[in-house]
Asker: 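Below are the structure tokens for one structure; questions will follow.
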Amino acid sequence: MSSQKSTLPIHTKHIAADEDLLRQGTLNVDPFAPPEVYYGESHGPRKVGGKGRTYSAIEPSKSSVSAFKAPLRRTSHDAQGNTPRRYLCNVEDTLSTLLAREDTDHNIQITIEDHGPKTIQLGTAASGGYRHFDVRGTYMLSNLLQELTLAKKYGRKQIVLDESRLNENPVNRFARLIKDQFWPNLTRRIDGGNIAAVAKDPKDWTANPHPRMYIPVGAPEQFEYYTRIAKQHPELKLEVLYLNADPSNEEYVRDLNEAPGLLAVAMERIADTPDGHPDYRGLPFVVPGGRFNELYGWDSYMETLGLLVNDREDLCEAMVKHFCFCIRHYGKILNANRTYYLCRSQPPFLTDMALRVYDRIKHKPNSLQFLKDAILAAIKDYYGTWMSKPRFDPASGLSRYVPGGLGVPPETEASHFVHVLMPYATKHGMSFEEFVKAYNYGHVYEPELDDYFLHDRAVRESGHDTSYRLEKVAAHLATIDLNSLLYKMECDIARTIRAFFGDKLQIPPEWQAPGQETFEISSTWDRRAKKRRLIMEKLMWSEEKGMYFDYNTVKKQQTGYESATTFWAMWAGVATPRQAQLMVEKALPRFEVHGGLVSGTEESRGPVGLSRPNRQWDYPFGWAPQQILAWTGFLRYGYDEEAQRLAYRWLYMCTKAFVDFNGVVVEKYDVTQQISPHKVEAEYGNQGSEFKGVATEGFGWVNASYVYGLQIVNAHMKRALGAVTTWDTFKKMTEGHHGDAEQADFEAPTHVHVAPHVREAAAMRDGSTLPSPHNGQHDEVDVDGHEVHDQEHFHEAQSGDDFHGHEALPHSHDFEREHGPASGASSWHEHRLSLSGTESLTHHRNPEL
């Protein structure tokens, strides 16, 4: 027992019979259960035949005097029997004491930047709170803060807390929180049950802000439904309106800014109301961060990759249906479902998303209809959005981000464009507000501003807002990212029509774009993909630099801006094996840093300072989508070692911030920063860092990148990540040393494991399977997690020792490669790979090709 005096109040009740029950481990609730179970159900009133987890639920015996027991021999403070240690905590008292001692910067977080004693004593449940043990270190103390905050949220006054929740392997804890807490807390629905909350728009700048629901003319059932809700609940002040038949008309969308509102998305029919009215429920979707209530475009695709790892195909299926609804009624997948986004789309991932989901639900009834609807929607989006003016550039044959819109983008913060607009307001003798209104309605003519906002809207549609790569030029650029996505879409549509719909897909009237044929065949889409690839190679590929560049359709030249989006060409299968080899040899070293891939090179970004501030999609920041797509691209061309190394770097950085900074998970990271990568100084700050006590949502695509990345790293890597071991240390310890001789090159573990979710990303169009570039084999291994914290303890983790007594959770997957259908084309490129998840083959990197 420690000689240090406990800082917590001593519990006076001590019942010997109940102590014996506690010591026998009758509190058999899973110590890693979700909080709603661990602090909710398991802490409720005691059920017959079971024991409640609150100490107050223990029924004292009628005798007020405990039976006499002979004193036990004193043992080591850290001695522990076979029974896992549990602590008895008074929630309020423990929380107050913990924060007073440890939270020295008073931000309701315990991090490495706090300077408290880094230790606190807790009484054990088995002793009724008399016997105390130390909880030490930032990680365990921050976990204690998180657990107490959650217990308080669930109304608990006193809890029995498993020590294994405090010293849990951080990789296991991070992944567990994503599955059990972050995804559920980021899930939304839009229907009458929550319309007051989700329809409320913090960007509603009107004089009378109130919830407004806009319904497309093709969904009268939703208009009737929301009208009934508005009548039944007048206190909501819900206004239900129909959209115009052409909801993307620029003047109409501008006028809607006077009454902004939420756009309807897909719903499902449920049992009628008691009075016989048709009733509906909104399909669920996952939002990027906790402050959002809207369905976002490419965020949803990235989240899908993680949700599928966590077996939440139900959410993924619902989000695909939402996108089909949007394309059918609004003409495109929207930036988000608010009226001011009606003219703006986002990077198109629908076909890959739908094929991945279909592969997981194909055993269900109507799954083929689900896939058909998604492909029909993608075809309509392809014609109506990406292959139509102004986005399509007929001179080059490539597409650009060029959304419609008039005036100042209204969704931005009020002060965002003050520095841009004030000189013009002064010029016209107007106040800022007067000038904005005059400019929006064409009462003043400023062509320079028109050009500025044309490119600003294009930057926002690209999803990369903001970056010097795109600033003041975005609408002129055929970007490598967009055209890689369209190439992938063309390949997916061709293969799906051929494989699932008899090589002829009939197009119903509701899915036809203007001028579209009534049916589609695969060969048409094969030719489109081949043509786009040839154009991209001619206009966007640089043999000297070994990477793809954006193409300026006005200047008719490459921009030369080095961006991590170059690796999207590998993700989509655009690159030849030889080009992929050059990208790995020449481009990759320019982007690889401590925490993975940086968005762009420092050289391309240029100097920054007060007059030229940093942009969040530039150096030194890294984003989850860039990591995910690059990993998958490297895997499909056989560069497993590179994919694993990059995944390790990213996962390490996320894990270290999680461990050192109270479980923080943020939107983006400074991937060059080793100590506090989550601290980002850019124009929009960093979503996810401002929380009190516990982070309950993380951030959507970072959550996805973490669980997706864990499917890529091998067993040794995952153990080292649990030890919060840097890549350099891991590399050194796995290379081995013989005297002063070091191996010059890193050798990946012999048994490289790539889980099926990821290996499914590698699928060739014909039936030939090429050998691995390493040894021609991909034997499965178990992936488990153990934790140590430095080089000295690394080999302990390799031997299977656990972290603070908690046994690591094994995790393994079997996989096999399946041969895809023959494509009927002759070029090497018909060996290209698909990320659909319906085929899984590896591709050999061949330097001779």
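Values below: every heavy atom of this structure, side chains too, minus hydrogens, waters and symmetry copies. Quick caveat: nothing in here was measured; it's all calculated off a predicted structure. In this chain, residues are counted from 1 in sequence order.
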Asker: Quick one, Glu471 with Arg612, criterion salt bridge (Lys or Arg N to Asp or Glu O under 4.0 Å). Give me CA distance, side-chain angles, the key distance, then yes/no.
Answerer: CA-CA 12 Å; Glu471 191 167 289; Arg612 193 174 184 268; over 6 Å; no
Asker: Say you draw a straight line from CG of Leu350 to CD1 of Ile379; how long is it, rounded to the nearest 0.5 Å?
Answerer: 10.5 Å
Asker: So, for Met653 and Asp670, which heavy atoms are closest and what is the spacing to 0.1 Å?
Answerer: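 Taking every non-hydrogen atom into account, SD-O, 4.3 Å.
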Asker: Let me confirm one number: the CG-CG distance from Asp492 to Leu355, rounded to the nearest 0.5 Å.
Answerer: 5.0 Å
Asker: Considering only NZ, NE, NH1 and NH2 on the basic side and carboxylate oxygens on the acidic side, decide whether Glu461 and Lys332 come within less than 4.0 Å.
Answerer: no
Asker: Quiz question: by atom type and distance under 3.5 Å, do the side chains of Thr632 and Tyr708 form a donor-acceptor pair?
Answerer: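 Tyr708 and Thr632 do have a side-chain donor-acceptor pair below 3.5 Å.
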Asker: When you look at Tyr561 and Tyr468, which way does the ring-ring contact (aromatic ring centres under 6.0 Å, His included) test go after all the steps?
Answerer: CA-CA 9 Å; Tyr561 195 105; Tyr468 287 118; 8.4 Å; no
Asker: Looking at every non-hydrogen atom in both residues, tell me the closest pair between Thr304 and Met319 and how far apart they are.
Answerer: OG1-CE, 3.7 Å
Asker: Nearest 0.5 Å, please: how far is CD1 in Ile480 from CE in Met540?
Answerer: 4.5 Å
Asker: The test is side-chain contact (heavy atoms from CB on, under 4.5 Å); show your working for Val680 and Gln616 and say whether it passes.
Answerer: CA-CA 8 Å; Val680 169; Gln616 64 176 5; 5.6 Å; no
Asker: Flag the pair Asp456 and Arg460 as a salt bridge only when some basic side-chain nitrogen lies within less than 4.0 angstrom of an acidic carboxylate oxygen.
Answerer: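 Salt bridge: yes.
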Asker: Any side-chain to backbone donor/acceptor pair from Ser599 onto Phe621? Under 3.5 Å, distance only.
Answerer: yes
Asker: Just jot down the salt bridge (charged side-chain N to carboxylate O under 4.0 Å, His left out) partners of Glu517, sequence neighbours excluded, or say none.
Answerer: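 Salt bridge (charged side-chain N to carboxylate O under 4.0 Å, His left out) check on Glu517 returns nothing, list empty.
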Asker: Determine the sole option in Lys530, Arg532, Arg533, Arg495 for which the salt bridge (Lys or Arg N to Asp or Glu O under 4.0 Å) test with Glu490 is passed.
Answerer: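 Per the salt bridge (Lys or Arg N to Asp or Glu O under 4.0 Å) rule, the option paired with Glu490 is Arg532, out of Lys530, Arg532, Arg533, Arg495.
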Asker: How far apart are the C-alpha atoms of Trp571 and Phe349, what are their side-chain angles, what is the distance that settles it, and do they pass the ring-ring contact (aromatic ring centres under 6.0 Å, His included) test?
Answerer: CA-CA 12 Å; Trp571 172 85; Phe349 285 92; 5.6 Å; yes
Asker: Distance-only, no hydrogens or angles: does the Asn337 side chain make a donor-acceptor pair with backbone N or O of Leu295 under 3.5 Å?
Answerer: yes
Asker: Is Ser248 reaching over with its side chain to a backbone N or O of Leu342, donor-acceptor style, under 3.5 angstrom?
Answerer: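 Here the side-chain-to-backbone pair does not exist.
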Asker: Is it true that atom CD of Glu251 has more than 12 heavy atoms of other residues, nucleotides or ligands lying nearer than 6.0 Å?
Answerer: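 Counting other residues, nucleotides and ligands, CD of Glu251 exceeds 12 neighbours.
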Asker: As an exercise, state the distance from CG of Asn552 to OG1 of Thr479, rounded to the nearest 0.5 Å.
Answerer: 12.0 Å
Asker: Ring-plane angle category for Phe634 and Phe567, please: parallel below 30°, perpendicular beyond 60°, tilted otherwise.
Answerer: tilted
Asker: Please test Tyr548 against Trp568 for ring-ring contact (aromatic ring centres under 6.0 Å, His included), starting from the C-alpha separation and ending with a verdict.
Answerer: CA-CA 9 Å; Tyr548 288 87; Trp568 292 33; over 10 Å; no
Asker: Any donor and acceptor pair, going by atom type alone, linking the side chain of Gln627 with main-chain N or O of Ala647 inside 3.5 Å?
Answerer: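 Flag not set: sc Gln627 to bb Ala647 has no pair under 3.5 Å.
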Asker: Could you pull out all residues at least two apart from Gln557 that satisfy side-chain hydrogen bond (donor to acceptor under 3.5 Å, both in side chains)?
Answerer: none
Asker: Rounded to the nearest 0.5 Å, what separates atom CZ in Arg645 from atom CZ in Arg649?
Answerer: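 Going from CZ on Arg645 over to CZ on Arg649, the span is 6.5 Å.
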Asker: List the steps, then state whether side chain to side chain donor-acceptor pair (under 3.5 Å) holds for Ser467 with Asp618.
Answerer: CA-CA 6 Å; Ser467 165; Asp618 289 334; 2.5 Å; yes
Asker: Look at the aromatic rings of Tyr296 and Phe292 and report parallel, tilted or perpendicular, splitting at 30° and 60°.
Answerer: perpendicular
Asker: Quick check on the 6.0 Å ring-centre criterion: do Tyr684 and His416 meet it?
Answerer: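 So the answer is yes for these two rings.
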Asker: Might you confirm whether atom NZ of Lys538 has over 12 heavy atoms from other residues, nucleotides or ligands at distances under 6.0 Å?
Answerer: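 It does not: Lys538 NZ has 12 such atoms or fewer within range.
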Asker: Go through the steps to decide whether Tyr340 and Asp201 satisfy the test side chain to side chain donor-acceptor pair (under 3.5 Å), and finish with yes or no.
Answerer: CA-CA 11 Å; Tyr340 37 77; Asp201 190 353; 2.8 Å; yes
Asker: Please walk me through it: do Arg338 and Glu294 pass salt bridge (Lys or Arg N to Asp or Glu O under 4.0 Å)?
Answerer: CA-CA 7 Å; Arg338 295 280 182 185; Glu294 304 88 2; 2.8 Å; yes
Asker: Look up atom CE in Met489 and atom SG in Cys491, then write down how far apart they are to the nearest 0.5 Å.
Answerer: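 Rounded to the nearest 0.5 Å, the CE-SG separation comes to 11.5 Å.
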Asker: What verdict does the salt bridge (Lys or Arg N to Asp or Glu O under 4.0 Å) test give for Arg356 and Asp352, after you've listed the backbone C-alpha separation in whole Å, the side-chain angles of each residue and the deciding distance to 0.1 Å?
Answerer: CA-CA 6 Å; Arg356 284 177 177 273; Asp352 188 79; 3.0 Å; yes
Asker: May I ask you to check if Arg615 and Trp617 form a cation-pi contact, with NZ or CZ under 6.0 angstrom from the six-membered ring centre and within 45° of the axis?
Answerer: no
Asker: CD of Glu258: more than 12 outside heavy atoms within 6.0 angstrom?
Answerer: yes
Asker: Would Arg254 and Asn440 count as a side chain to side chain donor-acceptor pair (under 3.5 Å) here? Give the steps.
Answerer: CA-CA 8 Å; Arg254 175 200 61 195; Asn440 286 349; over 6 Å; no
